[in-house]
Protein chains: 2
Amino acid sequence: MTTRERPPTMHDVAERAAVSQTTVSFVINGRDDYNISDETKERVWAAVRELNYRPNAMARGLRSNKSQLIGLISDEIATTVYAVQMVLGAQDAAWEQDKLLLVVSTGGNEEIKNRAVRIMLEHQVSSIIYATMFHRPARPPAALRTIPCVMLDCYDQEHTFPSVVPNEVQGGRTATETLIQAGHRRIAFINNVDPIPATFGRFAGYREALALHGLPYDDSLVVHASSDSGGGYLGAMTLMQLPAPPTAIFCFNDAMAMGAYDALRKLGRAIPDDVAVIGFDNIELIAAHLYPPLTTVRLPHYEMGQWAVNFLAEHGDTFPPPVQHRVDCPLISRASV
Amino acid sequence: MTTRERPPTMHDVAERAAVSQTTVSFVINGRDDYNISDETKERVWAAVRELNYRPNAMARGLRSNKSQLIGLISDEIATTVYAVQMVLGAQDAAWEQDKLLLVVSTGGNEEIKNRAVRIMLEHQVSSIIYATMFHRPARPPAALRTIPCVMLDCYDQEHTFPSVVPNEVQGGRTATETLIQAGHRRIAFINNVDPIPATFGRFAGYREALALHGLPYDDSLVVHASSDSGGGYLGAMTLMQLPAPPTAIFCFNDAMAMGAYDALRKLGRAIPDDVAVIGFDNIELIAAHLYPPLTTVRLPHYEMGQWAVNFLAEHGDTFPPPVQHRVDCPLISRASV
DNA sequence: ATACTCTACTAATACGATTTAGTAACACGG
DNA sequence: CCGTGTTACTAAATCGTATTAGTAGAGTAT
């Protein structure tokens, strides 16, 4: 129940080292353009150690008019396991620059969003990252325009904010090319039904890959289903009942791939020998535990988080240009192709 | 590339409202013990709105010697989906009190841990939450003793820090009792092999439940395996080959339950009719997608996170007593029992 | 001896708030 | 008319640091 005593200040250090507070400041900040003698420096550092002195970031921030804080606002957190990697990536990049992340997840609530921005501005964050937990368009609070800001895993329709998102097209292309390079010619795509960038992008990538390798696009090989294992099951069933069924299936995501596995098992088709399957998202819990382990494409969450912080850092406290950055989705090779 | 202009200060507001800066402070902080006339208050608020004034949290914090910040240090983040719920719970509880969370995940690195504490102290956090991503003993940096602190999902061996952890014993008991109440008498437990609190606690709960309901403890019904689906498969296989196999299996976690499902399917036993299965952790990806959906016990991550910041709040900026708090693990009923 | 430079510091101010200690103007009781 | 209170404010100090503008003293050149 004891209350804390006040921590020592620069004045305390100064007194102990028998120098002025100014000198302490110079020594601590390594301003050697103010020629302090080595002997004095040592006395100051000794006093710092003895008193266990730590600078007060609020005072420092007040005086220098900058904080070491970066705000991170996200709609939800951890809808999927890996989306959190964005926060981690951002955190690690911030850490490299001796900065800290102020994290608020709003649960999608508009009022909380606004209040979050306000409170973060009050705390003098140098910049704000506005993130969503899946790739989609978003409308950030207007107040964000008063401070350097990046959108992470989302973008505004008018592209007035810089943003970083996964390269869905390349991801779809990579998945499809992986199947092509394994020798497949009849490649199906079980797409999602939701009108989100991933749906359009991965499909575009699929078509690009076909075109690039001179394969015909066959409309009947593309089916749409709900983005869960049930949808994958249905999609695969439909495809395999085609007069000329595919020898490879690209699933919109890993959950759907799991459903496709069920369907293929039920039909007695071996993976990958009869039919190859590739997923998307690299949900470890699914992909690594399926039999055979699922080859899939990973969303570059961690890298996007890093990029966001580094991009902001590059621009100091000036407003960054509205770059629309895409990060490639790497292939995760397992055994289903 | 434009640089930001400085935001307005209280002085600006004061000037605009033609009052002193002191008056502005009184009005903004609602100090009506200083009888400011309604007319003046209105003028001040008008100026605040017109200038879009926001208080500077650093200046405020410096003067009042307290920040609105709570530090949260965790070893990893998002090893499992649900552990992140701790951060969310903490965040939401903090939000209720107009506080913000300063999050650092250290990746287990000792040096980063120490630096995190130091930086947080520099930032004048009112308290620190030290979290781990699974329930285990931990050794927090010594510097944590200089500030109010709670351990979240972990504890120090000497119980000198307050801590909040899941009630593993109750969780194990609940799981087992659920099976007992469904009419089962021969209940097996596939336990983990790692020497962690969950292993001991859930087992203790299992025995408690048996004892409580007058069921004999049969050593052969408890097997140990690695805590993944492979382990669950092996464990279930072993159990079902017993002369008198169990009619219900309590699995240490959901991944193992998934393996048990595989084994039972292979053996042609129906779930839950031939054998009931219950898991632990409520990993949505597994539990909800298994067939039949898995009845399991949830770890109270969100609630623990909440409890941590509320507990700290209750104690203001005094050092809280080393309470060792346990939060119950609720049953998540699905269809496997 | 004078002027100038260089070294090694220090005094004082400013950052933007909160808070303490006033004070001017007016009312009211005796 | 004096003393006391109340109302509605304001001036100034303060929090802990960074920074600007000095300054005292030694050395060096002329």
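Just so it is clear: chains get the letters A, B, ... in the order the sequence lines come, proteins before strands, and each one is counted from 1. Worth knowing before you read on, the calculation uses all heavy atoms, side chains too, and leaves out hydrogens, waters and symmetry mates.
Heavy atoms of Asn56(A) sit under 4.0 angstrom from primed sugar atoms or phosphate atoms, though from no base atom. Among the atoms of the strands shown, none is found under 4.0 Å from any heavy atom of Ser64(B). Nucleic acid contact class of Leu62(B) (heavy atoms, under 4.0 Å, all strands): base. At the heavy-atom level, His11(B) lies nowhere under 4.0 Å from the strands shown. Thr22(A) comes within 4.0 angstrom of a nucleotide base, judged by non-hydrogen atoms across all strands. The residue Ser25(B) sits close to a base: some heavy atom pair falls under 4.0 Å.
Looking at Arg326(B) and Glu303(B), no side-chain N of the basic residue comes within less than 4.0 Å of a carboxylate O on the acidic one, giving no salt bridge.
For DNA chain D, the span of nucleotides reached by chain A at under 4.0 Å from its heavy atoms goes, 5' to 3', from dC15(D) to dT20(D). Nucleotides of DNA chain C lying under 4.0 Å from heavy atoms of chain A occupy a range whose first and last members, 5' to 3', are dT7(C) to dG16(C).
The number of heavy-atom neighbours closer than 6.0 Å to CD of Glu15(A), taken from other residues, nucleotides and ligands shown, is 12 or below. With a 6.0 Å radius and a threshold of 12 heavy atoms from other residues, nucleotides or ligands, Lys41(B) has its NZ atom above the threshold. A 6.0 Å sphere centred on CD of Glu39(A) holds no more than 12 heavy atoms belonging to other residues, nucleotides or ligands.
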Checklist entry - Can you check ring-ring contact (aromatic ring centres under 6.0 Å, His included) on Phe311(B) and His315(B), steps first, answer last? => result CA-CA 7 Å; Phe311(B) 175 73; His315(B) 291 273; 4.8 Å; yes

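Contacts of Phe161(A) classified as ring-ring contact (aromatic ring centres under 6.0 Å, His included), with partners at least two apart in sequence or in another chain: none. Legend: residues meeting side chain to side chain donor-acceptor pair (under 3.5 Å) with Arg136(B), ordered by chain and number and at least two apart, are Asp75(B).
Two residues, Arg54(A) and Thr40(B), neighbour DNA chain D, and the one matched to the more 5' nucleotide by heavy-atom proximity is Thr40(B). Take the nearest nucleotide of DNA chain C for Tyr34(B) and for Pro55(B): the residue whose nucleotide is more 5' is Pro55(B).
Each end of the helix from dA1(C)-dT30(D) to dG30(C)-dC1(D) yields a helix axis from five base pairs, and these two axes differ in direction by 60° (to the nearest 10 degrees).
Counting all heavy atoms, side chain and backbone alike, Arg43(A) lies closest to Ala17(A) at NE-O, 2.9 Å.
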Could you list the donor-acceptor pairs under 3.5 angstrom formed between side-chain atoms of residues 111-122 of chain B and any protein atom two or more places apart in sequence or on another chain?
from: Lys113(B); atom 1: NZ; to: Tyr130(B); atom 2: OH; distance (Å): 3.3
from: Asn114(B); atom 1: ND2; to: Glu110(B); atom 2: O; distance (Å): 3.3
from: Arg115(B); atom 1: NH1; to: Asp98(A); atom 2: OD1; distance (Å): 2.7

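Each of Ile70(A), Asp92(A), Val125(A) was scored for a side-chain contact (heavy atoms from CB on, under 4.5 Å) with Leu101(A), with one residue passing: Ile70(A).
A donor-acceptor pair shorter than 3.5 Å can be found between the side chains of Gln324(A) and His159(A).
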